[in-house]
Asker: 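Take a look at this one; I'll ask things after.
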Amino acid sequence: MKTKPQLNAKDIFDSLRRERNQQQSSPEIVPSKGLAGLIDGFRRLTRMGHLRTDYNTHCPEAYNYDLVSEILIPESYTAHDVRTFCAALQKFQDTEIFEIKAGVYLSSAVNHAPEDSVELPLAHLRKDLHYMGYKLNKKMRIVGNVGMYLGCDMGPKGEILLKGNAGDMVGYGASHYGKITIEGTAKSISEPAPLRDVVCVKGGVLK
Amino acid sequence: MSIDKKLVEKVRGWYHFPPLREPEIVPELEGGAHFDFSTSDTRISEKFVREITERTGLSRDECLEGILTHEIGHYMIFPRTLGTIMLSGKMLDDFFGSRGKEPAEAERKKQNFIFQTFADMTDDTSSVLDGNRRDSILKMRTASQQTIDDEVNKNIRSLMLGYLHRQAGIGYQLEDGLKPYLERMLQIEFLSPENNRAPQDPQKLRLSLFQWGDIVNDLLKQHGASGTPSLDDLSMNAPGDADIDEILKNAPAGEIRRALREVSDKISRGEYKQVREWLKERGVELPDSSPEKPYVTIGTSRGELQVDEETVRYYRELSKEYPLPVHRKPISTEKTKKSFEETEKWVIGKEPLQALPNLSGGMLLPGITRKVRVQERKIQTTDYDIPHLLTVIDSSGSMPNPSDRKSQAVLAAVCAARAYHVQDSAVGVINFSGDSFYLPYTRDLNNALAAIVAYQGGGTSVDMDILKKMLRPEEFRLYEEHPELHVGRVPQEALKKTVDLSLPSFRKALESGSIDLLMFTDGGIGNLEEVLGFFEETNTLHRGTIILTDRYAQPITEKKDGKIRIYHIKDEKDIPNIVIGDVRGNLNYHASHYAAQK
């Protein structure tokens, strides 16, 4: 009697079944409109090229404070958005005259924020920003170093506490108002110094 | 104690079977469980599993399933690579380092805590969005929440749990005090919405880390008296398995080198330098890649030119991200050929196999038997070979300084130099500015790279008349008196460029061999047309590629059938692509020939 040959070897693929459809959804992210507006405004500013390239045709200057305030700063945002924006600034560091543009833009953003006091973390930036606290008329606390013209043309309520070092020409401008406390050193204070109240806690220039 | 293999395979299957060893169960472990990035091992504490199962009623398998899903997620989702850990550590130190105002240990713990919780959130958010992994993670997280006694940790974990439930679309009762934090958390991009992967862009990672760290900081200020969470609690929720310093210090040199290369491609030149310095400060041993012998000194008429080793190393590492495939091509070359044209006397000591005994009666008779005389003659032939490379790079003041920012021209030149060098070709460099220097063809890649990277920054002067129109009067006065105090760079429009190419250098460089030329400049060269004419007439020049960034809008007439290709580009970022495409085309003869026929 003949028997049918029986195959004992097990095909390992038999044990596999069709893969179940995996239900996968996307994360819910609710971006802050204020932060997105600030980033977008600054991106547009970086694309404006160098200041006064069209000097023959009265084109507004790329780092002109009024231009920044009128065109680039978004309508509504909070001091917290400005603070977070500082972290986003790092990616623009290699753009043309970043130190000036970022300084003027941040000053304008701080001045137009609804809150009376703002804290800015700048220690992570490779470059020191100029014109920080330009036309400031509220309290500002900066953590990190800044460049030239700190507290330029401040208003009567302007107050800066800098936890870091400042560059040249602190308090530059025509204004006689404001108070600047530097918990570090300053390279120089604007001469003649129209700003009366500048205090350097450690080293540098004492006044 | 062991772990069920089927369970392990099930969880690995959810991640498409990553090549990981079986997890190890250990009696006790700080943090409860961890994924070891130096060995790619997963370890789970038996004590931790027992504690969870006893206190919450979760079954052992459910507990292990949740832990495995989470730990393998660290390998598959975030942080995945040592480069990401390195970058995250640097970013956290930038934002949350107190610069010596807080004790180093407390500061380190806080940064590790932020990193650990950020990694957990990215990893677990990915899991709750996946139909297979969702339940196991939520069960495990909910159960472990009940085992935390530390108030700060409990609040942070509760917030995280609330966020995970929100992402999973499941209701969760969160304390009122934590609800504003949840709104802030929803702004963070833990995962990219396009592909559900952790952010690859370092800028997004930086922003997300800052936003999360800010929340943690605020919670610590609100709930923690000391400002630092307690680390005594032995649970998966406590930090301990993501100590950035330990991970970096334990990583082998090869891994650190790989991580640095990964990082160099993602961030700018200045930031890369900072990362290296930061690693040194943290006591991480950096792989020594300094050349065995020092670079050649680069002398110009103005004196010695310093070459920054760090910058050379940066571009060399970065160029490894852009490998160029190289094929040989037929080139007219001079070779020697052996020939047999006459005979001479054979004497003892000469090659007997060349003797011709048939001419002396079948016997080897010194002085009588003749032998063949082998002669070598030079012949001109066509052989498959690769030309040498002459890189001409403009390093005048109008070009970006490669030490300050990523110079695409330098990167492209370094990529090309490496591609030719690896194929046994020699690389020569002409680096021109106000002065020119010529590095003769060399097989020493370090010297060639140093000559490419060297920056002279001359050849430009400021046009004071234009600058006067561009600056405000008081700014111009300040610039005149103290140019060093000028806050911005002098605008491009106010720079005059006065550069001429040195024809003798080119004559010398092109006098021998078969040569490919690659030139980078932003224009403004007085005698460019003359030099281009010289290139067209020179026989030894095979092909030339000139990349003109066109800042100085220099009109050049390109000959249709000429061997010089000229690219006018507006965005510097296009340079590496053009060079890679062009060099690949140059070297891959068959492909370019085929493309031309088509």
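In what follows, chains are A, B, ... by sequence order, proteins preceding strands, each numbered from 1. Because only heavy atoms are used, hydrogens play no part in the values below, and waters and symmetry mates are left out as well, while side chains stay in.
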Asker: Distance check, rounded to the nearest 0.5 Å: A/Arg126 atom CZ versus B/Ser268 atom OG?
Answerer: 4.0 Å
Asker: Between A/Leu122 and chain B, with a heavy-atom cut-off of 4.5 Å, which part of the residue counts as in contact: side chain, backbone, both or neither?
Answerer: neither
Asker: Is chain B contacted by the side chain of A/Pro27, its backbone, both, or neither, given a heavy-atom distance below 4.5 Å?
Answerer: both
Asker: Considering heavy atoms only, which positions within residues 196-204 of chain B lie below 4.5 Å of chain A?
Answerer: B/Asn196, B/Gln203
Asker: With the side chain counted from C-beta on, respond yes when A/Gln90 and B/Met91 share a heavy-atom pair under 4.5 Å apart, and no when they do not.
Answerer: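 No, every pair of side-chain atoms sits at 4.5 Å or beyond.
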Asker: Do the side chains of A/Ser32 and B/Arg184 get nearer than 4.5 Å, heavy atoms only?
Answerer: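 Side-chain contact under 4.5 Å: no.
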Asker: Applying a criterion of heavy atom separation less than 4.5 Å, what residues of residues 79-87 of chain A form contacts with chain B?
Answerer: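 Those residues of residues 79-87 of chain A which have a heavy atom under 4.5 Å from chain B are A/His80, A/Arg83, A/Thr84, A/Ala87.
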Asker: In terms of heavy-atom proximity below 4.5 Å to chain A, should B/Gln274 be classed as side chain, backbone, both, or neither?
Answerer: side chain
Asker: Using the side chain to side chain donor-acceptor pair (under 3.5 Å) criterion, which residues pair with B/Glu9? Sequence neighbours excluded.
Answerer: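 Scan of B/Glu9 (side chain to side chain donor-acceptor pair (under 3.5 Å), adjacent residues dropped) gives B/Arg12.
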Asker: List the atom of B/Tyr163, the atom of A/Glu28, and the distance in Å for their closest heavy-atom pair.
Answerer: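 Minimum heavy-atom separation between B/Tyr163 and A/Glu28: OH-O, 4.5 Å.
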Asker: Picking from B/Asn195, B/Leu207, B/Ile267, which has the most non-hydrogen pairs under 4.5 angstrom with chain A?
Answerer: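 When all of B/Asn195, B/Leu207, B/Ile267 are compared, B/Leu207 has the most.
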Asker: So which of B/Glu189, B/Glu183, B/Arg166 has the largest heavy-atom pair count under 4.5 angstrom toward chain A?
Answerer: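 Ranked by contacts with chain A, first place is B/Arg166.
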Asker: If you draw a 6.0 Å radius around CG in A/Asp116, do more than 12 non-hydrogen atoms from other residues or ligands fall strictly inside?
Answerer: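 Atom CG in A/Asp116 is not packed in, count stays at 12 or less.
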Asker: For A/Glu75, I'd like to know if atom CD has over 12 heavy atoms of other residues, nucleotides or ligands within 6.0 Å.
Answerer: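 Atom CD in A/Glu75 is not packed in, count stays at 12 or less.
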Asker: Side chains of A/Ser26 and B/Leu129: closer than 4.5 Å at any heavy-atom pair?
Answerer: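 Contact flag for A/Ser26/B/Leu129 side chains = no.
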Asker: In this structure, are over 12 heavy atoms from other groups packed under 6.0 Å from A/Lys139 atom NZ?
Answerer: no
Asker: What are the two closest heavy atoms between A/Ile29 and B/Gln187, and how far apart are they?
Answerer: CG2-O, 4.1 Å
Asker: What part of B/Ile188 is in contact with chain A, defined as an atom under 4.5 angstrom from a non-hydrogen atom: side chain, backbone, both or neither?
Answerer: backbone
Asker: Which residues pass the side chain to side chain donor-acceptor pair (under 3.5 Å) test with A/Asn165, not counting sequence neighbours?
Answerer: A/Thr185
Asker: For B/Arg134, which atoms come within 4.5 Å of any heavy atom of chain A: side chain, backbone, both, or neither?
Answerer: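 The answer is the side chain of B/Arg134.
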